[in-house]
Every structure is written in structure tokens, then in C-alpha cells.
Amino acid sequence: MRRARLSTRCFDTKSVLLPSPVPAITDIINATKFELHHCQPSCRHHQSLSSGYSHHETQAELLHAYVIKNGSLQNLAISNYLLNLYVKKCQNLYHAHQLFNEILTRDIRTWTILISGFAQYEDFKMVLYLFRKMQSEGICPNHFTLSSVFKCCSTLCELRNGKAIHGWILTNEIGLDVILVNSVLDLYVKCGALDYAKRLFKSVEEIDTVSWNIMISAYLHIGDVERALDLFHGLNSKDVTSWNTIIDGLMKNGFERTSLELLYKMLESGHMFNAVTFSIALNLVSCLSLLELGKQIHGQVLRLVLHNNGFIRNSLLGMYCKCGKMEEASMTLRTIPVRISCDDSLADVVSWSSMISGYVRNGEYEIAFQTFRFMVNEHVVVDKFTLTSIVSACASKGILELGMQVHAHIQKIGHKVDAHLYSSLIDMYAKCGSLNDAIKIFKQINDLNVVLWTSMISGFGLHGQGHEAIELFECMMNEGIIPNEITFIGVLIACNHAGLLEEGCKYFELMQKVYGIKPDFEHYTCMVDLYGRSGRLNEAKEFIQENGISHVSAVLKSFLSSCRLHKNVEMGNWASERLLKLEQSDAGSYILLSNMYSTDHRWEEAANVRSSMQQRKANKLPGLSWIQLKNQVHNFN
DNA sequence: TGGTTATTGG
């Protein structure tokens with residue numbers, strides 16, 4: 001999001017010495033330009049250049065001071081020119097707003113320049129405030145103000161407001177131009193009112209490429225890839241955005257290969273890549289783990305000197321992180337240029353948080369923690385994405401102390417906590433053994449979504465509190481929240497840890513019949529575990545055979561541990577035969593089998609398994625323990 | 001002197 005620079009510098013009218021009032025606007029403007037270029041080194045222009053003050057700002061302030069002095073501020077041609085100078089060239093909405101208030105009789109252009117300015121910098125509260133004020137003063141909005149307001153409603157998802165304004169346009173029979181049609185289309189699409197968008201799209205006689213692009217993007221957002229492709233292929237005048245939209249949308253809907261084909265087709269058809277295409281192409285490369293292609297694109301980016309573009313740099317960084325190349329990712333982070341505008345600082349925040357999440361994703365927790373500490377010490381902006389990654393790293397490593405410190409840091413700086421951060425906090429407290437803290441957080445959340453319910457249900461499950469987990473799950477369904485596949489994994493694990501076989505079977509059926517969720521290997525493994533641990537080894541075996549999952553090593557391992565638990569060597573042999581065929585060099589499988597024999601005092605067979613394990617060089621990595629001392633994690637055997 | 005679509009991190 002772009003932000004305007006809000007300078008609070010005041011005017012110094014006394015230092016401005018200009019000729020006596022000139023009546024024509026061009027003369028006034030030229031006079032200030034002349035002053036700007038020819039004044040002596042001691043004047044403020046030169047001082048301002050050395051202090052980083054822009055040429056436009058100096059010109060605007062000179063002009064501002066001058067028109068105040070000679071009383072021509074109320075000349076609308078002059079004040080609108082000056083207002084535009086503040087908004088466009090100086091990007092200083094604070095001064096623009098100040099000037100706006102000094103203008104006593106504003107015309108529609110005065111309002112438009114300021115409203116468009118705030119819309120451009122996404123201060124939508126101001127846009128709506130000014131729009132309402134304008135209407136209350138009896139000024140009729142024009143196309144420019146209306147499209148700014150639609151952009152605002154679209155970003156804030158204010159469908160009702162937007163619809164009302166669209167209705168007002170229709171009743172007042174105001175003709176919609178192409179850009180306004182597109183603004184309304186975008187509003188309906190972003191607010192999920194696709195029917196309204198379709199109706200509008202059909203009602204337009206001559207549809208331009210931007211409208212097509214908006215509709216292609218709309219179908220992609222709801223996952224209707226077929227319609228999106230139809231629209232795309234039917235579009236004769238494809239521009240680079242049409243290609244970018246379809247390539248990105250296909251990738252996000254899981255059609256990565258088709259997306260890549262279209263990327264090549266785009267090249268073949270002679271369309272030039274722009275910065276957005278490069279960013280999307282790099283994301284596609286990460287999805288498909290095509291590191292070599294990614295490196296080639298990186299080379300092209302360097303040749304075209306696009307590597308300073310924030311989006312591209314972050315896509316590059318993300319690609320290296322996702323391909324496990326943390327060294328290359330870190331090199332990309334080190335190439336962050338000196339910040340030129342506020343836009344770049346946002347890109348920097350993304351770079352840092354991507355880096356942290358990359359370390360966490362690749363299991364390099366200690367470097368993630370070190371980087372986080374560096375960010376805090378060096379006052380690098382830490383946002384909710386970074387915090388979520390760090391909290392989940394604490395959960396994975398079980399480091400309660402650091403997790404609590406991060407939680408305290410969040411509260412101290414008054415950071416807004418969203419659902420992602422809340423769920424990672426619940427998960428962290430639960431995984432670090434502090435279930436009560438997890439419950440405390442869960443209870444203080446007003447808008448609970450399915451992820452938050454799932455985190456808490458899984459938390460109870462993890463602590464063996466199966467009944468509480470089930471109670472919460474029932475409560476969630478009563479609230480009308482639809483469980484997802486992960487919720488059911490949490491529920492099944494909870495049943496498992498509490499030995500609730502009957503309930504587990506009930507929910508496994510509910511998942512498929514009521515919620516239409518197809519079981520995944522993880523659900524199957526939970527069920528095999530549930531039957532097995534309850535001693536129902538025959539039923540577990542039948543379940544494996546019925547569902548055709550005897551080729552899944554996690555399922556067989558789970559079954560084998562149940563066989564060991566209930567000392568059923570015969571069943572264990574059945575599972576281990578299959579397991580060892582699947583994973584000849586997996587030490588875990590041999591150890592499970594050997595342990596089963598040892599439990600049944602069959603020492604000779606246990607020793608045979610161990611020796612065949614050595615023959616096949618399936619060595620088990622020794623387990624590591626760790627301890628946290630003064631913010632440092634120490635590992636030992 | 002003003003307005004539209006597509007891209008990055010959990």
C-alpha cells in the first residue's frame with residue numbers, strides 16, 4: 001500500500017520576495033518557476049536541496065505563499081493548480097488538505113483532485129468522508145470522484161455503499177464511461193457479487209480489454225477455471241495484464257502446468273513480459289520447484305535491471321526459500337537497495353518476513369530466531385507475518401519462553417492480532433504444554449473461524465483431553481462453522497489419544513457423509529491407529545485392506561506399533577513384510593519390527609532384524625535433546 | 001489539474 005508523505009513543515013511567507021501581483025495564472029506560475037531557478041544560493045531552494053526537500057515542494061510552497069500574499073488564492077484556476085501540485089508532484093496530502101480548507105469556494109475539480117489523491121494513497125476513510133461532505137454541500141459528483149469512491153468501496157468490501165451509489169447513477173441517468181464501468185465491475189467482483197458484475201458486463205455494448213480482464217480474474221477467484229479460459233481465449237485484444245491474470249489464476253487454482261504452458265505461449269506470441277509477469281513467473285517456478293528455470297529468470301531480471309523492484313525481489317527470495325536455497329535467498333536479501341520511497345520500505349518488510357518464514361520452513365529455527373532478534377534490535381519493522389512465523393517456530397521447537405516473550409512483545413507494542421497470529425499463539429501454547437494459556441487466548445477472540453476452532457480442538461487432543469476436544473467440536477458445529485479436513489484430523493487424533501474408538505468412527509463417517517470430505521492418508525492413519533491401539537487388530541487390518549492403503553508406510557508403521565503394543569507378532573509380520581518392501585533403507589521400520597520381537601522376548605529374531613538393518617546401511621540418526629538457556633537453544637545427545 | 005484490471009510474506 002502506498003502512503004503519502006505527510007510533511008508538517010510550515011510556510012515562511014516573509015522570506016518569499018516576488019514581484020507585485022500578476023493577474024494571469026500562467027504568469028504567476030512562471031514567476032515562481034523563475035524564482036526557483038534563479039534565486040541566490042542563500043535562498044531556501046538551495047537549503048532545501050541539501051536537506052532533501054524536493055524541487056516540486058519548493059515550487060508549491062513558493063506559489064502557495066505568493067498567492068496567499070497577493071490574495072489570488074480564491075482564484076480557482078490557481079488554487080486547483082496548486083492543489084494538484086501538492087497531490088501529484090509533492091505527494092503531500094497534509095499540505096493539500098490544508099490548502100483545500102483555505103479555499104473558500106471550491107468547484108468540482110477542487111473536490112476531485114483531493115478525493116482522487118486520497119484514493120490513490122488508499123486513505124479510504126478520507127475518501128468516503130470527503131465524498132459525503134461534497135454531497136452535503138450540494139456538489140454533484142463526476143466520473144472521476146465516482147470511480148475513486150468505487151475503488152474505495154471495492155477495497156473496503158463496502159458492497160452496500162457501492163450498490164447505493166451505482167443505483168444513484170442509474171436513477172439520475174448518468175452515462176457510465178469505460179473506466180467507470182470497470183470501477184463498478186471491480187467493486188462487484190471484489191465484494192463477491194458476481195451476478196451483478198455479469199449483468200453489468202453483458203449490458204455494456206463495447207467491452208474493452210480491462211473489463212474482460214476483470215471478469216477473467218473474477219472467474220479465477222471463484223475457481224471457475226473453465227469459464228476464465230473461455231473468456232481469455234475469446235479475447236482478441238489480449239494485453240499483458242490479460243496474460244498475467246490467467247497465468248497467475250491458473251497457478252493459484254492448482255493448474256501449474258497449464259499456467260507454465262501459457263507463459264511459454266505468451267513468449268511465443270511476442271508479448272513482452274512486464275515486471276508483474278516476472279514476479280508471477282518466479283512464483284510459478286517456486287510452485288513447480290523448477291530451480292534451474294528460476295535461475296534463468298533471475299539472470300534475465302538482472303539483465304533488465306529489474307532486481308530492485310520490490311515485488312520481483314521478494315518473488316526471487318520466495319523462490320529460493322521454497323527451493324531450500326537459503327544461502328541464495330539471503331544473498332537476495334542483502335541486495336536490498338537504499339530506500340527511495342515509502343513503497344520500497346513495505347517491500348523490505350515483506351523481504352524480512354519471507355526470510356524468517358523461509359528459515360522456519362526449512363527447519364533452520366535457530367537462524368530464524370537470530371534473524372528475528374536482529375530485526376528487533378535494529379528496529380526493522382516486524383509485522384504480523386513475521387510474528388506468526390516466529391510463534392509457529394517456537395511451537396515447532398517447543399520453546400515456551402521465547403514464545404511468551406514474543407506474545408508479550410505483541411501486547412506491548414499493541415500489535416493488532418489477526419486470526420493467523422491468534423491460531424499460531426494457541427498452537428504454540430498448546431504444543432509447549434501450557435494448555436490453559438491456549439484456552440485463555442481462545443476465549444478472548446470475538447470472531448472465531450474454522451482455523452481457530454481447529455487449533456483449540458487439536459490443542460485439547462494433544463493433551464489427551466479427548467472429551468473436551470469433542471465437546472468443543474460439537475459446539476463449533478452448533479455455531480454453524482463448517483469443519484474442514486484439518487479439523488477432522490484434530491478430532492480423530494483427540495479420539496485416538498483418549499481411546500475413544502466409537503466416537504472416532506462416528507466422526508470419520510460424519511466427515512464423509514455430511515461434509516463430503518474425502519479421507520486423506522492422515523485420516524486413514526488416524527483410524528488405523530484408533531483401531532490398533534484399542535486392540536482391534538483384526539478390524540484395523542480389514543480397514544487397511546478395504547481402503548486399499550496397505551502401500552502407505554505411515555499406515556503400516558502405525559499398525560506395526562499397535563501389534564507391538566498388543567504383542568501380536570503374527571499381525572506384525574504381515575505389516576513388516578509390506579513395510580520393508582516399501583522402505584528398505586528406513587531405519588524406523590526395522591526398529592519397530594525389532595522392538596516388537598524384543599517385547600515378545602524373541603531375541604534371536606530381533607537380532608536378525610538389527611543385522612539386516614546394518615547390512616542395508618539403514619542407520620538411525622541418534623535422537624537429539626535440547627535445552628533453552630538465556631535465549632539460546634543447546635542441543636545434546 | 002482528476003478516475004479502471006494482474007504480482008510478494010503466515
Side-chain angles (χ1 to χ4, degrees), chain A residues 25 76-89 107-117 119-120 141-152 154 176-187 189-190 208-218 220-221 239-249 251-252 274-284 286 309-319 321-322 346-358 360-361 383-393 418-424 451:
Chain A
I25 179 174
L76 273 175
I78 296 172
S79 50
N80 284 348
Y81 174 87
L82 181 56
L83 190 64
N84 191 57
L85 201 59
Y86 275 135
V87 172
K88 281 273 161 182
K89 298 278 167 59
D107 68 355
I108 178 65
R109 283 184 195 169
T110 323
W111 287 95
T112 310
I113 295 168
L114 194 67
I115 289 177
S116 309
Q120 198 185 345
N142 60 9
H143 286 65
F144 302 114
T145 46
L146 286 169
S147 58
S148 295
V149 171
F150 281 125
K151 183 182 175 188
C152 161
S154 142
L176 295 168
D177 70 357
V178 181
I179 295 179
L180 200 47
V181 164
N182 291 335
S183 303
V184 184
L185 258 184
D186 181 58
L187 162 84
V189 166
K190 295 267 164 64
D208 83 328
T209 306
V210 176
S211 316
W212 281 81
N213 292 345
I214 296 173
M215 288 311 288
I216 293 170
S217 145
L220 290 165
H221 270 115
D239 64 5
V240 62
T241 305
S242 321
W243 287 95
N244 289 345
T245 308
I246 195 80
I247 292 168
D248 182 65
M251 170 179 63
K252 288 193 175 138
N274 66 6
V276 178
T277 325
F278 275 106
S279 177
I280 295 169
L282 286 164
N283 301 337
L284 186 57
S286 325
N309 175 301
F311 274 103
I312 294 183
R313 194 186 61 230
N314 289 327
S315 297
L316 270 170
L317 209 148
M319 176 197 73
C321 285
K322 280 168 199 153
L346 171 68
D348 291 0
V349 176
V350 177
S351 299
W352 281 99
S353 77
S354 306
M355 207 60 216
I356 297 260
S357 78
V360 175
R361 181 201 300 265
D383 68 353
K384 57 184 179 175
F385 290 92
T386 313
L387 291 168
T388 307
S389 294
I390 278 297
V391 172
S392 79
D418 70 352
H420 285 280
L421 191 45
Y422 268 133
S423 70
S424 69
V451 178

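First the proteins, then the strands, lettered A, B, ... as listed; each starts at 1.
Under 3.5 Å, the side chains of Asn283(A) and Ser286(A) contain no donor-acceptor pair of N or O atoms. A side-chain N or O of Thr145(A) and one of Asn142(A) form a donor-acceptor pair less than 3.5 Å apart. Between the side chains of Ser389(A) and Ser357(A), no donor N or O sits under 3.5 Å from an acceptor N or O.
In the set dT5(B), dG3(B), dT7(B), the nucleotide with an atom closest to the side chain of Ile280(A) is dT7(B). Closest contact between the side chain of His420(A) and the listed nucleotides dG10(B), dT5(B), dG3(B) involves dG10(B). Among the nucleotides dG2(B), dT5(B), dA6(B), the one closest to the side chain of Ser116(A) is dG2(B). The listed nucleotides are dG3(B), dG9(B), dT5(B); the one nearest the side chain of Lys88(A) is dG3(B). With distances taken from any side-chain atom of Ser183(A) to the nucleotides dG10(B), dT4(B), dA6(B), the minimum falls on dT4(B). The side chain of Asn283(A) has dT8(B) as its nearest neighbour among dT5(B), dT8(B), dA6(B). Nearest to the side-chain atoms of Ser279(A) among the listed nucleotides dA6(B), dT7(B), dT1(B) stands dT7(B). Of the candidates dT5(B), dG3(B), dG10(B), the closest approach to any side-chain atom of Lys384(A) belongs to dG10(B). Of all nucleotides listed (dT1(B), dA6(B), dG9(B)), dG9(B) comes nearest to the side chain of Ser354(A).
Atom CD1 of Ile113(A) is separated from atom C1' of dG2(B) by 6 Å (rounded to the nearest Å). To the nearest angstrom, P of dT8(B) lies 22 Å from CH2 of Trp352(A). Atom CG in Asp248(A) sits about 15 Å away from atom P in dT5(B), given to the nearest Å. In this structure, CG of Leu282(A) is placed 12 Å from P of dT8(B), rounded to the nearest angstrom. At whole-Å resolution of the value, CD1 in Ile179(A) and P in dG3(B) are 9 Å apart. Per the geometry, CE belonging to Met319(A) stands 13 Å off C1' belonging to dT8(B), to the nearest Å. The nearest whole Å value for the distance from the NZ atom in Lys190(A) to the P atom in dA6(B) is 4 Å. One interatomic measurement links the two molecules: CG of Asn314(A) to P of dG9(B), which rounds to 8 Å at whole-angstrom precision.
For Lys322(A) and dG9(B), the shortest distance from a side-chain N or O to OP1 or OP2 is below 4.0 Å. Checking the phosphate oxygens (OP1, OP2) of dT7(B), a side-chain nitrogen or oxygen of Lys252(A) falls inside 4.0 Å. Close to dG9(B), at under 4.0 Å from its OP1 or OP2, lies no side-chain N or O of Arg361(A).
Residue-level contact check: Leu180(A) touches the bases, meaning some heavy atom is under 4.0 Å from a base atom. Residue contacts shown for Asn84(A) are limited to sugar-phosphate atoms, with no base heavy atom under 4.0 Å away. Looking at heavy-atom distances under 4.0 Å, Ser357(A) makes contact with sugar-phosphate atoms alone, never a base.
Open room surrounds NE2 on His221(A); 12 or fewer heavy atoms of other groups in view lie less than 6.0 Å from it.
Between the base of dG3(B) and the side chain of Asn142(A) there is no donor-acceptor pair shorter than 3.5 Å. Between the base of dG10(B) and the side chain of Asp418(A) there is a donor-acceptor pair shorter than 3.5 Å.
Take Asn80(A) and apply the side-chain hydrogen bond (donor to acceptor under 3.5 Å, both in side chains) test, not counting sequence neighbours, and it matches Asp107(A), Thr110(A). For Trp243(A), the ring-ring contact (aromatic ring centres under 6.0 Å, His included) partners two or more places apart in sequence, or in a different chain, are Phe232(A), His271(A).
You cannot call Phe311(A) stacked on the base of dT8(B); the centres under 5.5 Å and planes under 30° rule is not satisfied. Stacking between Phe385(A) and dG9(B) is present: the aromatic ring centre lies within less than 5.5 angstrom of the base six-membered ring centre, and the two planes differ by under 30 degrees.
Nearest heavy-atom pair, Leu220(A) versus Gly249(A), reported as atom, atom and distance to 0.1 Å: CD1-CA, 3.7 Å.
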